[in-house]
Amino acid sequence: MTDELKKYLLSDHSTRIQTVRLDQAWKTGLAHQHYPACVQALLGELVAASILLTSNIKFDGALVLQLQGDGPIALVVVECTTNLSIRATVSVREGHDIPADGTLQTLLNTQGTGRFVVTLDPSGQNSDLKPYQGIIPMEGHSVAQVLERYMRDSEQLDTRLWLASDAEHVAGLLLQRLPAQGGHEGATAEQQAETWTRVGHLASTLKHEELLALDSDTLVRRLFWEEALMTFEPQSVRWYCPCSRDRVAGMLQALGREEVEDILSEREKIDILCNFCGKPYQFDAVDCASLFVTQPGMTHDTDGSLH
Ligand SMILES: [Zn+2]
């Protein structure tokens, strides 16, 4: 069982190679979310891409990839923090049929107004930094193509991505050409360009099934066995949504006793789904009553927290 990101570097420092593979984390992510196969596949590709791209961000915070669709899918959101905690969700537009062979274009860009929004949110220690947002047209047949274009046009980084997912796994491979260092014992710009072309050709032989089936080291060895590579320690990835029963309780407290009692007059219990991970929370009449019991010396704040 692996939920890992692995980094490799060509020993001439010309090209970065990264792989990601999720098994258990993907199952955790899908535990409360059920989508048609083509939607799930798209979500998995976006998950793989977000981990591969986040791993090179230099600040504390998160990368958020959002696909804002005009077709059967209204929104896909994937958030990956710089310590590789990931969560993701899909909003299906009501009343739209999802084609069984749905693609990025037929699910999200049927009228040509779909948008791909990339947000870099430095919410960690450097909170004085402002979030950066890039909006890119959804041009391309796949998540990989749209992101390759974004990286080239906005980040000036030649990047190639191979992404795959099925019900069991998420997997991805990234190649990125690093800026030529120049003027030292390393490779010349021409040599670096040659290397970039060569590794791109090698990776383009990769089959979707291979990407899903092979562990990272086997995959990289099979593709780049002739290249001199440096290998780094793997980094673990976890699926994590910060929702909790306490947070939902706080939300109900903020709604107020009257409102909650009103809802309960029509049903036995209140069912709430986390709108990010889909995890269900249930509060029956007894649970709800206990939310509004004020202990001596304590007052309820408007956000439901106790003081
Ligand atoms: Zn959640």
Side-chain angles (χ1 to χ4, degrees), residues 1 3-5 20 22-37 39-51 53-55 57 60-69 73-94 98 108 117-124 127 131 143 165 167-170 235-255 259-260 263-264 267 269-284 287-288 290-291 301-306:
M1 208 58 81
D3 294 312
E4 273 180 1
L5 171 90
V20 65
L22 303 186
D23 300 314
Q24 187 54 48
W26 183 229
K27 291 189 189 96
T28 304
L30 294 178
H32 304 291
Q33 308 194 72
H34 307 285
Y35 304 117
V39 177
Q40 188 178 293
L42 187 79
L43 183 68
E45 290 177 18
L46 205 64
V47 162
S50 71
I51 298 165
L53 297 178
T54 302
S55 64
I57 294 175
D60 273 355
L63 172 77
V64 182
L65 300 180
Q66 268 189 60
L67 302 179
Q68 300 173 351
I73 303 291
L75 185 67
V76 186
V77 186
V78 177
E79 178 191 83
C80 185
T81 67
T82 41
N83 58 10
L84 304 185
S85 280
I86 190 151
R87 59 179 183 157
T89 192
V90 177
S91 301
V92 177
R93 193 165 267 123
E94 286 201 22
I98 300 205
L108 285 133
V117 182
V118 179
T119 308
L120 286 167
D121 183 8
S123 60
S127 51
V143 170
S165 95
E168 309 282 313
H169 316 282
V170 157
Q235 291 167 258
S236 57
V237 180
R238 66 169 185 158
W239 199 283
Y240 175 70
C241 181
C243 67
S244 67
R245 193 168 171 84
D246 278 355
R247 282 196 183 206
V248 177
M251 205 184 76
L252 291 173
Q253 285 168 332
L255 266 183
E259 186 91 8
V260 168
I263 302 171
L264 278 174
R267 64 198 77 183
K269 52 191 186 327
I270 301 180
D271 288 298
I272 293 169
L273 296 180
C274 169
N275 64 5
F276 217 111
C277 70
K279 191 172 177 185
Y281 294 94
Q282 247 181 26
F283 287 76
D284 64 15
D287 297 329
C288 289
S290 71
L291 296 175
D301 214 352
T302 45
D303 67 354
S305 58
L306 286 168

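First listed ligand is number 1; within each ligand, the first listed atom is number 1.
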**Q** Supply the atom-to-atom distance L65 CG to L46 CG, rounded to the nearest 0.5 angstrom.
**A**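 With rounding to 0.5 Å, CG (L65) is 5.0 Å from CG (L46).
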
**Q** Side chains of D246 and S244: do they bring a donor and an acceptor to under 3.5 Å?
**A**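 Result is no, nothing qualifies.
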
**Q** Would a 4.5 Å heavy-atom cut-off, applied to side chains only, mark L53 and V118 as touching?
**A**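 Sidechains of V118 and L53: no contact.
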
**Q** So do the side chains of Q33 and V90 get within less than 4.5 Å of each other, counting heavy atoms only?
**A**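 Q33 vs V90: side chains apart.
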
**Q** Does V77 reach the side chain of F276, with side-chain heavy atoms less than 4.5 Å apart?
**A**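 Result yes, sub-4.5 Å side-chain heavy-atom pair found.
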
**Q** What protein N/O/S atoms are there under 2.8 Å from the Zn ion (ligand 1), waters excluded?
**A**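 Correct list: C241 SG, C243 SG, C274 SG, C277 SG.
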
**Q** Less than 3.5 Å apart, any donor N or O on the side chain of Q66 or T119 sitting next to an acceptor on the other?
**A**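 No.
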
